[in-house]
Engineer: 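Shown below is the structure under consideration.
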Amino acid sequence: MQRLLKDFFCRDVLVVAPQILGQHLVRRYPSGLIEKYIVTEVEAYKGGEDLACHASKGKTARTEIMFSEGGYAYVYLVYGMHWMLNVVTGSENQPQAVLIRGVKGCNGPGRLTRMLEVDRSFYGEDYTESTRIWFEPTEFTPSINKGPRIGVDYAGNYWASIPWRFWIDLD
DNA sequence: GTAACGATCCTC
DNA sequence: AGGATCGTTACA
């Protein structure tokens with residue numbers, strides 16, 4: 001069984017984000033049940049210059065993992081109730097992450113983590129080694145759509161309108 | 001110590 | 001259109 005490894009994640013977020021589309025996000029639940037979900041929507045957050053990226057305010061306890069090399073999970077809480085699941089990309093000290101916004105049959109980053117039972121305990125999880133969450137390649141080569149990211153108006157017009165949300169329409 | 005603010009979702 | 005709900009952050 002193969003999975004996506006460091007050489008996949010340790011590249012620029014704008015390369016990795018669209019390439020995660022169509023791949024399998026695999027979750028092994030505590031019961032032992034393994035489910036595979038096709039990733040259908042992501043957003044790219046790119047380093048210090050991207051004012052919508054949490055790491056643009058510098059390294060804190062929350063954003064620390066984004067400053068490591070690619071392949072780790074960045075998980076945080078928004079609006080006091082939704083866990084967001086991200087994949088760190090790029091090289092060390094190049095804080096970037098891909099937000100997983102949807103898989104086939106489940107739209108919305110908050111609903112996704114609720115369905116996959118992902119919470120704070122996944123912060124820093126190594127997708128290349130974990131036994132409970134990882135990515136597997138598929139042969140699927142989808143046609144990719146792009147548009148502005150959601151919910152980042154606070155970052156100003158430029159960063160809110162830049163087309164760093166990527167998605168695919170299945171069927 | 002306090003206060004403000006969300007990379008959202010659900011129900012009007 | 002508005003409320004839920006709390007960790008993170010900045011500042012005193």
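Atom set for the values below is all heavy atoms of this structure, side chains included, hydrogens, waters and symmetry mates excluded. So that the names make sense, note that chain A is the first sequence line, chain B the second, and so on, each numbered from 1.
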Engineer: Rounding to a whole Å, what distance do you find between A:Ile162:CD1 and B:dA7:P?
Structural biologist: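 My rounded result for the distance is 17 Å.
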
Engineer: Rounded to whole Å, how long is the line connecting atom OH of A:Tyr76 with atom P of B:dC5?
Structural biologist: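 Computing the A:Tyr76:OH to B:dC5:P distance gives 18 Å.
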
Engineer: Is there a side-chain contact between A:Arg114 and the phosphate of B:dC9, meaning an N or O under 4.0 Å from OP1 or OP2?
Structural biologist: no

Engineer: Side chain of A:Thr113, backbone of A:Trp83: donor and acceptor closer than 3.5 Å?
Structural biologist: yes

Engineer: Closer than 3.5 angstrom, by distance alone: can the side chain of A:Tyr127 be matched with the main-chain N or O of A:Arg3 as a donor-acceptor pair?
Structural biologist: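 A pair under 3.5 Å: no.
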
Engineer: Ignoring hydrogens and geometry, is there a side-chain-to-backbone donor-acceptor pair from A:Arg27 to A:Arg132 under 3.5 Å?
Structural biologist: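 Yes; at least one donor-acceptor contact below 3.5 Å.
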
Engineer: Just how far, in rounded Å, is P of B:dC5 from NE2 of A:His54?
Structural biologist: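 The answer, rounded to whole Å, is 15 Å.
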
Engineer: If only atom types and distance count, is the side chain of A:Arg101 paired as donor or acceptor with the main-chain N or O of A:Pro109 below 3.5 Å?
Structural biologist: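 The answer is no, because no donor-acceptor pair under 3.5 Å joins these two groups.
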
Engineer: Does NZ or CZ of A:Lys6 come closer than 6.0 Å to the centre of the six-membered ring of A:Tyr72, within 45° of the ring's axis?
Structural biologist: yes

Engineer: From CG of A:Asp153 over to C1' of B:dT8, roughly how many Å is that when rounded to an integer?
Structural biologist: 14 Å

Engineer: Roughly, in whole Å, what's the span from OH in A:Tyr79 to C1' in B:dC5?
Structural biologist: 9 Å

Engineer: Under 4.0 Å from any heavy atom of chain A: name the first and the last nucleotide of DNA chain C that qualifies, 5' to 3'.
Structural biologist: C:dA4 to C:dT9

Engineer: Expressed in angstrom and rounded to an integer, what is the separation of A:Asn86 atom CG from B:dT8 atom P?
Structural biologist: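 In whole Å, B:dT8 P lies 11 Å from A:Asn86 CG.
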
Engineer: Using only side-chain N and O atoms of A:Tyr154, determine if any of them is under 4.0 Å from OP1 or OP2 of B:dA7.
Structural biologist: yes

Engineer: Rounded to the Å, how far apart are A:Met66 CE and B:dA7 P?
Structural biologist: 11 Å

Engineer: So, does A:His82 get its side chain near the phosphate of B:dA7, meaning an N or O under 4.0 Å from OP1 or OP2?
Structural biologist: no

Engineer: Establish, with yes or no, whether the OP1 or OP2 oxygen of B:dC10 is under 4.0 angstrom from a side-chain nitrogen or oxygen of A:Arg111.
Structural biologist: yes

